[in-house]
Each structure stands twice: as structure tokens, then as C-alpha cells.
*Asks:* 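Structure incoming, see below.
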Amino acid sequence: MNRKADKPATAMPFDPGRRSFLAGTAATAGVALAPGIFLYSVGASRSAEARALDEAASSEVRWGMLIDVNRCDSGCNDCVSACVTENGLQGHGRPATDPQWIRKIDLRDPNTGREQSLPVMCQHCDEPPCVDVCPTGASFKRADGIVLVNKHTCIGCRYCISACPYKARSFVHETLEDQKSYAPRGKGTVESCTLCVHRIDDDRQPACVEACSDTGGGAMLFGDLNNPDSEIARRVAQYASQQIRADLGLNPAVRYRNL
Amino acid sequence: MRLNRSAMITIAVALALFASLAVVVTAAEKNDRTMSEVPVPAIPQGQGERCVEDTDFMRRNHMTLLMHQRDDTMLQGIRTKQYSLKECVNCHAVQGKDESAVSVSDPKHFCRACHDYAAVKIDCFECHSSRPEIDAASPHDGLIAEMLKE
């Protein structure tokens with residue numbers, strides 16, 4: 001058991017399956033792994049709780065989301081409106097260019113007629129193509145897995161928009177006023193879902209997740225995928241879940257159940 | 001012809017100099033804020049006792065502090081309040097006619113009052129809010145006031 005825990009560090013430093021392997025075997029390997037696991041679980045289910053204001057985001061954490069498609073109603077738009085309100089994403093009545101950090105997608109299986117509805121936002125990939133193509137380094141992945149645009153260095157070239165297979169990014173075309181003080185946005189830069197990074201750093205949940213559990217179907221679960229004791233890690237270890245376009249090998253942090 | 005022309009230019013320059021001198025003198029006379037010879041910017045007073053660093057230091061170095069804070073917060077998620085732009089805006093809010101704080105479109109805005117005078121142009125407020133927004137949900141409010149009491 002010890003051999004197993006030690007081996008991946010040298011053999012395959014980037015094995016994305018390693019964490020979930022550890023999480024999945026935690027129950028059986030309890031004794032040997034107990035000290036390490038205990039360290040993780042001190043911060044309870046929300047590791048950010050332990051993070052002080054002057055402490056940098058840690059790569060021990062990987063923020064993610066699990067969305068249960070069965071609980072998502074096609075008529076419900078609460079996650080989208082919560083996002084718009086939280087981040088001040090006022091549109092101009094131009095659907096083609098208005099900002100869209102999260103959107104609802106309705107699917108229909110033509111063979112069976114089965115219909116499903118799900119929210120899609122930045123999938124916060126482990127291997128984000130938007131980061132690969134950015135010429136200034138403005139598109140980046142924070143230590144805790146959140147994929148962001150550093151608008152201070154974004155030149156608005158929009159390569160990242162083309163590179164994203166999830167169509168998750170928008171471009172600001174208009175001069176803006178009255179932005180939220182915690183969500184600065186401005187003309188000429190690219191933007192996308194930040195997982196509400198200002199809330200995460202304040203030990204709160206993303207606005208969409210909060211709205212979904214308050215008034216929606218309770219389909220969205222947010223948490224630390226790396227913490228084997230967190231609700232989200234336990235659920236992905238226990239039940240089948242999938243990533244959209246998993247074939248691309250980007251290992252998104254947003255996962256779906258019953259899709 | 002040539003002589004005439006240069007003479008005319010000399011007279012024109014002398015006149016222009018005289019006129020501008022007159023303007024400077026009246027400006028200095030009108031400026032009753034101080035008895036100094038140069039006009040000084042009217043910088044609104046911040047709230048509280050003092051700034052996050054010595055006032056002199058802030059005048060010279062606020063841009064460096066802000067740029068560092070910007071990178072720390074953006075790239076690493078460090079959310080200390082001392083040099084946060086949000087906090088500058090909160091504490092340096094200037095009341096407008098309608099009781100609410102003025103935005104940077106008003107020349108009385110704290111940052112503008114000085115930058116207009118010094119001919120500095122910043123783009124920060126194209127994205128950042130130039131008015132305070134009391135974020136009731138944040139448990140960390142009042143931290144700076146607390147810190148400065150010590």
C-alpha cells in the first residue's frame with residue numbers, strides 16, 4: 001500500500017487519475033493513508049476555509065462541479081440569471097455578441113425522443129486549450145484549477161474564444177459602466193465563468209450553485225475534487241459521472257451525472 | 001522684407017509671453033487655497049485618520065502598490081485589503097450633489113482630481129468600479145479600520 005502511494009509521484013507526475021484513485025481506495029486503504037487524509041480534512045469540506053486572506057491559492061485544491069442532469073429542469077434558468085446578476089453581465093439585446101458565462105442547453109435524443117437540459121459554462125479544464133493559444137499569458141490556470149483571463153494583460157485577440165471547444169468565452173464589445181466592484185469587466189477583453197473566484201476566495205459558493213439549490217432543482221454541487229472527504233469527491237468516486245467531450249483529453253473540472 | 005518679418009515675430013512672441021504671464025498672475029491671485037505662486041490640485045480628503053501608508057509615501061508610490069496588489073490578487077488569489085483598489089475607492093469616496101459617491105466621470109473624483117492636474121491617464125476604471133459598493137455578504141469588512149487603529 002505504501003508502495004502504491006509513493007510510486008505515482010515519480011512514475012507519472014501528471015496522472016489525472018491518481019487523485020481519484022486515492023480517493024476511491026481511501027476506504028480500503030484507510031490505515032496507511034489516514035495521516036495524509038487527516039491533513040486534508042482539517043479544513044472540513046471547504047478547504048478555502050483554512051486559507052487566510054494573504055495566503056495564495058494552493059495546488060492541493062482542485063475546485064470542480066458535479067451537475068446532476070436529472071435534477072435540471074428545462075424551464076429553469078435560475079443559474080443563468082444568478083450569474084448575470086452576480087457579475088453584472090447586462091446585455092444589449094444582441095444575443096450573438098452579448099456576454100454569456102453560463103447557458104442552458106436542451107438536448108433531444110432523436111431515436112427515443114428523450115429530452116434533457118443542462119447548464120454549460122467554462123469547464124475549467126486541467127489542460128485548457130485557451131491557455132495554450134494565448135499569446136500574452138493572460139489566459140491562465142490558477143493553482144487551484146480555476147481557468148481565468150487576466151484582463152490586465154489580455155489584448156483581446158480572441159484566439160482563446162476559437163480554441164475553446166465548449167464555446168465558453170465571450171468578448172466585451174461595448175464600453176461598460178457601473179460594473180460590480182468585485183467583478184471588473186471592460187471593453188476589448190475576453191471573459192468567461194470565473195467559478196465566482198471572488199466568492200471562492202471569500203469561502204462562499206459560486207452564485208449559480210447557490211441559486212440552483214435555493215430556487216432551482218439542487219442539481220449543482222461545488223467542491224474540492226482533490227479532497228477525498230468532500231461531498232463532491234465522494235460522489236464522483238461512488239457514482240458514474242462524465243465530462244463533456246472527454247475524448248479531447250482536457251480533463252474538465254465540471255462533471256455531469258445522468259447525461 | 002526679411003527684417004520686417006523677424007521684427008514682427010519678435011513682437012508677437014513678446015506679446016504672447018506677456019499675455020501668458022498675465023494669466024499666470026491672475027491664476028495665482030485667484031488661488032486663495034494657499035499663498036503659493038503655483039496652482040495646486042484640490043484633492044478631496046480621505047475618510048478616517050490616515051491612509052494605508054504615510055501620505056507622502058502614498059503620493060509617490062501608490063501606483064507601484066496597486067500594480068503589485070493587482071498581480072497578487074489576479075494570479076494567486078491573495079485578497080489582503082491594505083492595497084486593494086476596491087478599498088482605495090471605498091475610503092476615498094467623494095460625495096456628489098445627490099448624497100451618493102461620484103464616479104470617475106466627475107472631475108471631483110479623488111483619483112481624477114490629482115491625475116487631471118498631473119496629466120496622468122489611467123485605464124483602471126474602464127473595468128473597475130470607481131464608486132464604493134458595500135458588499136454586505138463579506139465577513140471581512142472593517143478589517144482595515146481595525147488594522148489602522150493599532
*Asks:* Nearest 0.5 Å please: distance from the CG atom of A:Asp201 over to the CD1 atom of B:Ile78.
*Replies:* 10.0 Å
*Asks:* Atom CZ in A:Arg142, atom CD in B:Gln76: separation rounded to 0.5 Å?
*Replies:* 9.5 Å
*Asks:* Hey, could you give me the CG/OG distance between A:Leu53 and B:Ser84, rounded to the nearest 0.5 Å?
*Replies:* 10.5 Å
*Asks:* Hey, does B:Arg131 have a side-chain heavy atom less than 4.5 Å from the side chain of A:Asp178?
*Replies:* yes
*Asks:* Is it true that, when you exclude A:Phe171 itself, more than 12 heavy atoms of the residues, nucleotides or ligands shown sit nearer than 6.0 Å to its CZ?
*Replies:* yes
*Asks:* Could you tell me if the side chain of A:Ser181 sits less than 4.5 Å from the side chain of B:Lys86, heavy atoms only?
*Replies:* yes
*Asks:* Quick one: of A:Lys151, A:Lys180, A:Glu177, who has the most non-hydrogen atom pairs under 4.5 Å with chain B?
*Replies:* A:Lys180
*Asks:* May I ask you to name which of B:Ser129, B:Gly77, B:Ser103, B:Cys124 has the most heavy-atom pairs under 4.5 Å with chain A?
*Replies:* B:Gly77
*Asks:* Between atom CD of A:Gln179 and atom OG of B:Ser130, what is the distance when rounded to the nearest 0.5 Å?
*Replies:* 8.5 Å
*Asks:* Roughly how far, to the nearest 0.5 Å, is the NE2 atom of A:His198 from the OG1 atom of B:Thr73?
*Replies:* 13.5 Å
*Asks:* Hey, could you give me the CD/OG1 distance between A:Glu55 and B:Thr80, rounded to the nearest 0.5 Å?
*Replies:* 12.5 Å
*Asks:* Among A:Ala143, A:Pro184, A:Gly88, A:Ala57, single out the residue with the greatest number of heavy-atom pairs under 4.5 Å to chain B.
*Replies:* A:Pro184
*Asks:* Does CD in B:Gln47 sit with more than 12 non-hydrogen atoms of other residues, nucleotides or ligands closer than 6.0 Å?
*Replies:* yes
*Asks:* Is the shortest side-chain heavy-atom distance between A:Val197 and B:Arg79 below 4.5 Å?
*Replies:* yes
*Asks:* Does atom NE2 (B:His68) have a neighbourhood of more than 12 heavy atoms from anything else shown, all under 6.0 Å?
*Replies:* no
